[in-house]
Engineer: 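This is the structure, below, for whatever I ask next.
Everything numeric in this text was worked out from a predicted model, so none of it was measured. Numbered from 1 within each chain, the chains take letters A, B, ... in sequence-line order.
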Number of protein chains: 2
Amino acid sequence: MVSDKVNTKSKIQDVAEGFIIKGGYDSFSFRDIAEAVGIKSASVHYHYPTKGDLVAAVMARYISHFSSQLPDPLSVELNPIEMLHGFIDGFKVKVVDQGNMSLCTMLTWNKSVLPDVVCEELASFYNIILDWLIKIFMRLDSVNDEKAQLQANQLFACLHGASILAQGTNNANCFDQAVAYWRMTYPLTA
Amino acid sequence: MVSDKVNTKSKIQDVAEGFIIKGGYDSFSFRDIAEAVGIKSASVHYHYPTKGDLVAAVMARYISHFSSQLPDPLSVELNPIEMLHGFIDGFKVKVVDQGNMSLCTMLTWNKSVLPDVVCEELASFYNIILDWLIKIFMRLDSVNDEKAQLQANQLFACLHGASILAQGTNNANCFDQAVAYWRMTYPLTA
DNA sequence: TATTATCTATCTAGTGATAGGTATTTTATT
DNA sequence: AATAAAATACCTATCACTAGATAGATAATA
């Protein structure tokens, strides 16, 4: 059945995404995935010939899902401050509450062994987020493009660094401290 | 000879450190190290029975070296602003100019497969740096301990995030942008 | 002689990947 | 509608290779 095929494919992607988030590209094998899905490793190869193909598919799905979930930064009905806080809080949920890293953050660490396609998708993902943040900051401060770009880079770097710090020190408190500047500079109840 | 032993041991550590910096814990094997050093893999096991032992040794050496290179943050002869810039610039040299990540940053990504000893050393490393930064910020702003801690977390997170951003986007400019706030807030020529 | 540092040779377990077979379901042809 | 052909999704079995690790021999040093 066609629907079975689709289910298996997405199951494989689900499982692979879980593995990548927890330990990166090298942390799982085709057999690990097969076992979790309930098929044999050869069947995983049937759907995704190489590991690179599999990771590329997972990446593409993740980016597309992530992008579609980002609210329109230019929508007049949406409050840019609330969107900013939503972005920060979303990051925190993943990193602190669920103890995971962003899929793309994890894969950035494995760039040297990833297929070129995946590396390009990685770069495009980062740029999607930066562009979104730039639009938010343009609305928040009504500043020029350059300063908004600066702020976007700073916030994004801060969030990633906060993740490492929280993981490295085993201290979730580090995350909030590292992010405090942005929460204070753009308070929710303005 | 004793000196031979020492040389081989430190050579092994040198090579291992290089591998970790470039690709993390999973990116190299005992055979890779043996080849680079010019011995056989069994001889690497002689010096460091397990991979965990080897990485623990590399970590310990790195932390000790890093700590001893940090200037005394409380020395009255040293300018805290210059020390801060030195810290930031040192980070940039590694990440942007040499294209590497900090050893500990890399290993944080492999925490799930690392021996507990290494994880503890990781946490201690982060705390050493945070403590150092806290002392610097205490001198810079003469503020209370809490605010200095906040700033230390923020700068440290910023630096790590800037590294990821620079690597992920293949755009070295991101690093400077992400770090710009700190360079402007504490300018060298005050 | 004992210790140190290295070697050769090998083990077990795991890796990504492929060949070839088998049902099952779709599609095309009669 | 019945049948042939083809595509789909899985399987078993296996390949070549690499991983970390160990046993036991050997040479050099103390």
Engineer: We want to know whether A/H160 and A/T105 form a side-chain donor-acceptor pair, criterion being a heavy-atom distance below 3.5 angstrom.
Structural biologist: yes
Engineer: With sequence neighbours excluded, tell me which residues meet ring-ring contact (aromatic ring centres under 6.0 Å, His included) with A/Y186.
Structural biologist: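 For A/Y186 the ring-ring contact (aromatic ring centres under 6.0 Å, His included) partners, ignoring immediate neighbours, are A/F137.
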Engineer: Counting side-chain heavy atoms from C-beta on, which of C/dT6, D/dC11, D/dA19 comes nearest to B/S43?
Structural biologist: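 Closest nucleotide among those given: C/dT6.
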Engineer: Please, which pairs that meet side chain to side chain donor-acceptor pair (under 3.5 Å) have at least one residue in residues 172-181 of chain B, sequence neighbours excluded?
Structural biologist: A/N153-B/Q177, B/K92-B/D176, B/D176-B/R183
Engineer: Measure CD1/A/I39 against P/C/dA23 and give the value in whole Å, please.
Structural biologist: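 Result: 19 Å.
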Engineer: How close or far is atom C1' of C/dT4 from atom CG of B/N7, stated in whole angstroms?
Structural biologist: 15 Å
Engineer: Under 4.5 Å side-chain heavy-atom separation, chaining through any Ile, Leu, Val, Met, Phe, Trp or Tyr, what else clusters with A/I134? Say none if it is isolated.
Structural biologist: A/M138
Engineer: Nearest whole angstrom, please: distance from the C1' of D/dT18 to the CD1 of B/I33.
Structural biologist: 15 Å
Engineer: Rounded to whole Å, please give me the gap between CD in A/E35 and P in C/dG14.
Structural biologist: 11 Å
Engineer: Can you name the side-chain hydrogen bond (donor to acceptor under 3.5 Å, both in side chains) partners of A/S27, sequence neighbours left out?
Structural biologist: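 side-chain hydrogen bond (donor to acceptor under 3.5 Å, both in side chains) list for A/S27, sorted by chain: empty.
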Engineer: Give each protein N/O atom lying under 3.5 Å from an N/O atom of nucleotides 20-23 of chain D, with the pair distance.
Structural biologist:
{"unit_1": "D/dG20", "atom_1": "OP1", "unit_2": "B/F28", "atom_2": "O", "d": "3.4"}
{"unit_1": "D/dG20", "atom_1": "OP1", "unit_2": "B/K51", "atom_2": "NZ", "d": "2.9"}
{"unit_1": "D/dG20", "atom_1": "OP2", "unit_2": "B/F30", "atom_2": "N", "d": "2.9"}
{"unit_1": "D/dG20", "atom_1": "N7", "unit_2": "B/R31", "atom_2": "NH1", "d": "2.9"}
{"unit_1": "D/dG20", "atom_1": "O6", "unit_2": "B/R31", "atom_2": "NH2", "d": "2.7"}
{"unit_1": "D/dA21", "atom_1": "OP2", "unit_2": "B/K51", "atom_2": "N", "d": "3.0"}
{"unit_1": "D/dA21", "atom_1": "N7", "unit_2": "B/H45", "atom_2": "NE2", "d": "3.1"}

Engineer: Would you kindly give the OH-to-C1' distance between B/Y46 and D/dA25, to the nearest whole Å?
Structural biologist: 15 Å
Engineer: Starting from C1' on C/dG16, measure out to CG on A/D26 and report it in whole angstrom.
Structural biologist: 12 Å
Engineer: Does B/H47 have a side-chain nitrogen or oxygen under 4.0 Å from the phosphate oxygens OP1 or OP2 of C/dT4?
Structural biologist: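 Checking C/dT4 against B/H47, no side-chain N or O comes under 4.0 Å of OP1 or OP2.
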Engineer: Rounding to a whole Å, what distance do you find between B/K40:NZ and D/dG24:C1'?
Structural biologist: 17 Å
Engineer: Please collect all side chain to side chain donor-acceptor pair (under 3.5 Å) contacts where either partner lies in residues 124-134 of chain A, sequence neighbours excluded, each pair once.
Structural biologist: A/T108-A/Y126
